[in-house]
Amino acid sequence: MRFDILTLFPEMIKAYCSESIMKRAVNSGVITVNTVNPRDFTLDKHKKVDDTPFGGGAGMVLMPQPYVDAYESVKKLDNSITIMLSPQGEPLKENLVRELAGYNQIIMLCGHYEGFDERIRDIISPREISLGDFVLTGGELPALCVIDAVSRKLEGTLGKIESANDDSFSDGLLEYPQYTKPREYRGLKVPEVLLNGNHKEINEFRRIQRIKRTTKRRPDLMS
């Protein structure tokens with residue numbers, strides 16, 4: 001899987017992908033993460049990529065030329081998708097993450113300030129994706145969330161690919177409660193069923209806990 005990120009702050013992307021599980025995925029060749037800075041494509045000698053909005057209003061708008069030229073510089077692979085991180089996009093959910101994991105390349109546009117000049121959308125025609133109904137300062141955090149979530153679905157990212165099978169939302173339910181040593185802590189004990197070695201009973205216990213937890217915390221998922 002190859003990720004190409006158009007961002008004004010490439011070090012934010014590089015820093016996250018150089019730690020923990022993402023670092024292992026990069027080093028093992030499961031994913032490749034490239035950054036492209038639109039400032040490198042601006043025709044302005046001061047590397048300016050934004051300007052005031054026509055019609056008035058607060059803030060600055062990202063100009064089309066640097067972003068379109070930066071996007072067109074990216075080599076497109078077969079089975080590629082282009083994403084714009086935007087609060088106006090469709091929500092990033094498990095089914096979408098699984099869909100994205102089926103591509104060979106994901107190109108992402110990270111915005112800032114008051115957002116993109118609409119002509120960037122018109123020319124590139126990206127699929128817009130949102131983390132939720134709120135606004136962030138920039139698109140780098142959502143882009144990293146996409147990289148992280150999608151990478152978990154790829155063979156070789158996790159120690160065992162099965163680790164993702166019981167994640168929350170993997171089958172529409174929240175994950176069951178987890179326990180480790182010690183068996184008792186501050187009077188709270190690990191459920192006995194997890195200690196008896198009977199995997200059939202353990203699996204049934206976990207299934208019931210997933211249903212209970214989802215019903216209590218996310219009843220909307222049960223409908």
Side-chain angles (χ1 to χ4, degrees), residues 1-19 21-43 47 49-50 61-132 135-157:
M1 169 71 75
R2 173 171 158 174
F3 297 95
D4 290 281
I5 319 300
L6 273 65
T7 171
L8 299 176
F9 302 96
E11 294 307 316
M12 292 178 65
I13 305 295
K14 295 175 182 178
Y16 185 82
C17 294
S18 64
E19 301 288 345
I21 292 176
M22 291 301 99
K23 178 181 179 180
R24 184 170 66 191
V26 170
N27 289 345
S28 63
V30 175
I31 64 172
T32 301
V33 181
N34 303 311
T35 59
V36 181
N37 194 334
R39 291 191 191 280
D40 296 333
F41 295 84
T42 180
L43 303 180
K47 299 295 183 181
V49 296
D50 61 335
V61 177
L62 295 169
M63 297 186 292
Q65 178 271 317
Y67 276 83
V68 172
D69 285 1
Y71 174 76
E72 292 179 344
S73 76
V74 177
K75 181 179 179 180
K76 313 304 188 296
L77 304 180
D78 291 337
N79 194 27
S80 173
I81 186 173
T82 298
I83 291 172
M84 176 182 284
L85 289 315
S86 164
Q88 299 180 23
E90 62 187 292
L92 184 65
K93 294 186 177 182
E94 176 69 13
N95 60 337
L96 178 53
V97 171
R98 290 182 181 275
E99 178 187 340
L100 294 176
Y103 287 92
N104 295 331
Q105 179 188 32
I106 299 177
I107 305 170
M108 289 187 274
L109 285 73
C110 300
H112 268 272
Y113 315 122
E114 287 302 305
F116 296 98
D117 183 298
E118 189 65 19
R119 290 166 292 184
I120 297 174
R121 288 183 170 91
D122 294 338
I123 295 170
I124 296 177
S125 297
R127 185 169 179 177
E128 297 192 43
I129 291 178
S130 169
L131 290 191
V135 178
L136 295 171
T137 302
E140 284 74 20
L141 286 176
L144 288 171
C145 288
V146 171
I147 294 173
D148 195 308
V150 171
S151 297
R152 290 177 60 84
K153 305 300 183 186
L154 305 178
E155 185 76 40
T157 298

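Computation of the quantities below employed the complete heavy-atom set of this structure, encompassing side-chain atoms and omitting hydrogens, waters and symmetry-equivalent molecules.
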**Report entry** Interatomic spacing from CD in E72 to CD1 in I123 - rounded to 0.5 Å
**Finding:** 7.5 Å
Query raised in the report: Any side-chain heavy-atom pair from N37 and L8 closer than 4.5 angstrom?
Result: yes
Report summary line: Heavy-atom nearest pair, G138 first then P142, reads O-CD, 3.6 Å
Query - Interatomic distance, F9 atom CZ to H112 atom NE2 [nearest 0.5 angstrom] - result: 4.5 Å
Report task. Compare all side-chain heavy atoms of L136 with those of L85 and state whether any distance is below 4.5 angstrom. Result -> no
Report summary line: CE of M1 to CD of E155, rounded to nearest 0.5 Å, is 14.0 Å
Query raised in the report: Testing D4, N34, I5, T82 for side chain to side chain contact (heavy atoms under 4.5 Å, CB included) with V74, which one passes?
Result: D4
Query raised in the report: Where is the tightest heavy-atom contact between K47 and R39, given as atom of each residue plus distance?
Result: O-NH1, 3.0 Å
Requested in this report: Begin from the C-alpha positions of M84 and I120 and carry the test side-chain contact (heavy atoms from CB on, under 4.5 Å) through to its verdict.
Outcome: CA-CA 10 Å; M84 176 182 284; I120 297 174; 4.2 Å; yes
Query raised in the report: Is the side chain of D148 donor-acceptor paired with the backbone N or O of I21 at a distance under 3.5 Å, no angle test?
Result: no
Report task. State, with a plain yes or no, whether a side-chain heavy atom of T7 is found less than 4.5 Å away from one of M12. Result -> no
Query - Residues, nucleotides or ligands: over 12 heavy atoms within 6.0 Å of D78 CG - result: no
Query raised in the report: Which atom names give the shortest non-hydrogen contact between A70 and P38, and what distance separates them?
Result: CB-CA, 4.0 Å
Query raised in the report: So, the side chain of R121 versus the backbone of P126: is there a donor-acceptor pair under 3.5 Å, distance only?
Result: no
Query raised in the report: Measuring from Y71:OH to L6:CG, what's the distance to the nearest 0.5 Å?
Result: 9.0 Å
Report summary line: Residues F3 and I147: closest non-hydrogen pair is CD2-CG1, 3.8 Å
Report summary line: Looking only at heavy atoms, the pair that brings A143 and C110 closest together is CB-SG, 3.8 Å
Report task. May I ask you to decide if K75's main-chain N or O and Q105's side chain share a donor-acceptor pair within less than 3.5 Å? Result -> yes
Query raised in the report: Less than 4.0 Å between a side-chain N and a carboxylate O, is that true for K153 and E94?
Result: yes
**Report entry** L96 versus P91, closest heavy-atom pair with distance
**Finding:** CD2-O, 3.7 Å
Query raised in the report: So does K76 have more than 12 non-hydrogen atoms from other groups sitting under 6.0 Å from NZ?
Result: yes
Query raised in the report: When rounded to the nearest 0.5 angstrom, what is the spacing between OG in S86 and CG in L109?
Result: 11.0 Å
